[in-house]
Amino acid sequence: AVETAADKIPAEISAEEIAKREDFRKVTTFTIDPKDAKDFDDALSIRKLKDGLWEVGVHIADVTHYVKEGSIIDKEAEKRATSVYLVDRTIPMLPERLCNFICSLRPNEEKLAFSVIFDITEKGEVRDSRIVHTVINSDRRFTYEEAQQIIETKEGDFKEEVLTLDTIAKALREKRFSAGAINFDRYEVKFEIDEKGKPISVYFKESKDANKLVEEFMLLANKTVAEKIGCVPKNKKAKVLPYRIHDLPDPEKLENLSQFIARFGYKVRTSGTKTDISKSINHLLDDIHGKKEENLIETVSIRAMQKARYSTHNIGHYGLAFEYYTHFTSPIRRFPDMMVHRLVTKYMDGGRSVSEAKYEDLCDHSSNMEQIAAIAERASIKYKQVEFMSERLGQIYDGVISGVTEWGLYVELNENKCEGLVPVRDLDDDYYEFDEKNYCLRGRRKNKIFSLGDAITVRVARANL
């Protein structure tokens, strides 16, 4: 029924709709996305105003223009709350006609957008910003790889625009870190899969300048929208908005982290101001960069962090070091962004605030669904890793001990980041006891120790899907 409703939505944009909007069709605009993406949520436009000052537009698919509140499509989107990206398929929040066709900001097609427009210097200073409904026409779709190549070689389509955006993004990033944002720069494990969904090879996706360029402008847009609604004079009450919030690290977990990393000779602050703690975490992340224990310590550090979530009660975003932050830039794949689009539109038209209780419930539901999706995504990667290793039985690999429990050692292989278990019963040269405080197994007679982060060589015995 939802699909049928989506099929009835016209793709044509009427002249009267265009007349209501700011027209960006003649401004240089492009999208930068992963090579396999179909749902283009966001586009960037840029034009020179005067020396050193640029107008940068962050254009977001205007999903709520098409999906009306309370409609059958909206109710389904609310229920799902997020798209789920598994290794071999996507389970979209919205019907495909909307996410890959009507709303997707495809090149050389007129599209409706909800945009945040900045007047910004090359040093990343925002002189002015506004939120407006627009009509755009993307000139070019770049993959991250293509944009990266322009940044590295300084040659290619729209090179001046791409390089200017890169310069501004680097300045914005610099500002964020000096304010105490935390730099978790993790690589993701990806698979090349054949048409039957079988994994043929594993590769790592690293976040390069092109990814960071897009990320900085999305962060800036999200932050600006949250500030415009949330940041009001002391005597006024801000209108209700779903914020993306992130609390300080849990002191107890931070203490555990500190004890754990001490074994590798690292330190981290467990008290002091917010900024002191985050700067100290960044310092740690810099120190471990390129070391064999990097992945391990980064994982344990992330576990010490709180999880970011949605709430109408703003406490700021600790990890990004923003006082106000929301999600506005991915309405095709996240329901909170749709809620934010609707509320911002309503408030811009002078509408009254909405029920806090109702929106807090929606925030909780969205946070829960996001967790479920994240767990499913991780499980899907684990599953494909097992499938990948099932063709490599008997092979020998170098790895690192990534977990220690009373029932055995978890080992992550260096070459492909697949993780497996060496059961304690297979360590048959001694009786091993689990030392919880020091994350290690210790042999009773010979005192041989297996501890977290140790390099180890293993043979693949079994792979059980």
Side-chain angles (χ1 to χ4, degrees), residues 32-40 80 82-93 96 99-100 141-149 184-208 210-211 214 290 292-296 298-299 302-303 330 332-333 369-403 405 408-423 426 453 455-465:
I32 307 177
D33 286 280
K35 54 177 182 281
D36 54 357
K38 295 188 185 69
D39 48 348
F40 308 143
R80 297 184 179 211
T82 179
S83 292
V84 186
Y85 295 92
L86 305 179
V87 173
D88 56 355
R89 77 201 70 179
T90 298
I91 300 153
M93 175 177 84
E96 191 177 351
C99 58
N100 294 348
R141 168 223 195 302
F142 289 105
T143 63
Y144 280 122
E145 291 77 9
E146 291 166 340
Q148 184 63 28
Q149 197 167 0
F184 281 118
D185 211 0
R186 317 211 45 196
Y187 53 81
E188 295 174 65
V189 180
K190 293 281 187 189
F191 296 91
E192 299 263 353
I193 50 180
D194 65 17
E195 58 286 355
K196 291 197 176 68
K198 212 177 84 161
I200 340 175
S201 68
V202 181
Y203 64 98
F204 306 123
K205 196 176 101 191
E206 286 191 67
S207 185
K208 296 196 170 142
N211 305 70
V214 174
K292 69 172 167 63
E293 60 269 9
E294 175 176 23
N295 208 24
L296 193 66
E298 204 158 71
T299 307
I302 286 179
R303 284 182 197 147
S330 293
I332 292 178
R333 58 188 183 87
M369 295 306 285
E370 177 189 17
Q371 272 319 109
I372 290 171
I375 291 165
E377 285 165 31
R378 283 198 293 270
S380 144
I381 291 170
K382 286 255 186 275
Y383 187 90
K384 287 293 172 197
Q385 285 175 321
V386 175
E387 199 178 330
F388 181 70
M389 293 312 292
S390 66
E391 313 240 310
R392 289 158 181 76
L393 300 184
Q395 294 187 18
I396 291 176
Y397 289 91
D398 289 330
V400 61
I401 297 179
S402 55
T405 63
L409 306 169
Y410 285 94
V411 178
E412 182 182 85
L413 308 184
N414 300 343
E415 184 184 308
N416 52 34
K417 301 299 175 227
C418 300
E419 194 180 47
L421 173 72
V422 179
D426 288 358
I456 191 169
T457 305
V458 293
R459 175 183 274 123
V460 184
R462 283 189 301 286
N464 183 338
L465 283 171

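Since we're looking at a predicted model, the values are computed, not measured.
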Distance in Å, L413 CG paired with M389 CE, rounded so as to fall on 0.5 Å steps | 5.0 Å
Closest heavy-atom contact between E146 and R141?
-> OE1-O, 3.6 Å
Across all chains, not counting sequence neighbours, the side chain to side chain donor-acceptor pair (under 3.5 Å) partners of Y85 are D39
Quick note, salt bridge (Lys or Arg N to Asp or Glu O under 4.0 Å) partners involving residues 383-400, not counting sequence neighbours, are D88-K384, K198-E391, K384-E387
At their closest point, which heavy atom of M369 faces which heavy atom of T82, and how far apart are they?
-> O-CG2, 3.9 Å
Minimum heavy-atom distance between A376 and V84, given as atom pair plus value | CB-CG1, 4.4 Å
Check whether any side-chain heavy atom of I193 lies under 4.5 Å from a side-chain heavy atom of E195, and answer yes or no.
-> no
Which atom of Q148 lies closest to which atom of A210, heavy atoms considered = OE1-N, 2.9 Å
What one should report as the nearest heavy-atom pair of A463 and V386 is CB-O, 3.8 Å
Quick one: pull up CD1 in I200 and CZ in F388 and give me the separation to the nearest 0.5 Å.
-> 10.0 Å
Looking at residues at least two apart in the chain, or sitting in another chain, which of them share a side chain to side chain contact (heavy atoms under 4.5 Å, CB included) with K196?
-> D194
Might you point out which heavy atoms bring L393 and A461 nearest each other, and give the distance in Å?
-> CD2-O, 4.0 Å
What distance separates I332 CD1 from F40 CZ, expressed to the nearest 0.5 Å?
-> 9.5 Å
Going through the checks in order, is the side-chain contact (heavy atoms from CB on, under 4.5 Å) test met by V411 and Y397?
-> CA-CA 10 Å; V411 178; Y397 289 91; over 6 Å; no
Is the shortest distance from a Lys or Arg side-chain nitrogen in K382 or E419 to a carboxylate oxygen in the other one below 4.0 Å?
-> yes
Is a donor on one side and an acceptor on the other found under 3.5 Å between the side chain of E192 and the backbone of S201?
-> no
Would you indicate whether the side-chain heavy atoms of Y144 and V214 approach each other to under 4.5 Å?
-> yes
Can you find a pair of side-chain heavy atoms, one from I381 and one from V87, that are under 4.5 Å apart?
-> yes
CG (N414) and CD1 (I456) are apart, to the nearest 0.5 Å, by 11.0 Å
Taking atom CD1 of I401 and atom OH of Y410, what is their separation to the nearest 0.5 Å?
-> 13.5 Å
Nearest 0.5 Å, what's the CZ-CG distance between R459 and D426?
-> 12.5 Å
Determine the sole option in K417, R378, K205 for which the salt bridge (charged side-chain N to carboxylate O under 4.0 Å, His left out) test with E188 is passed.
-> K205
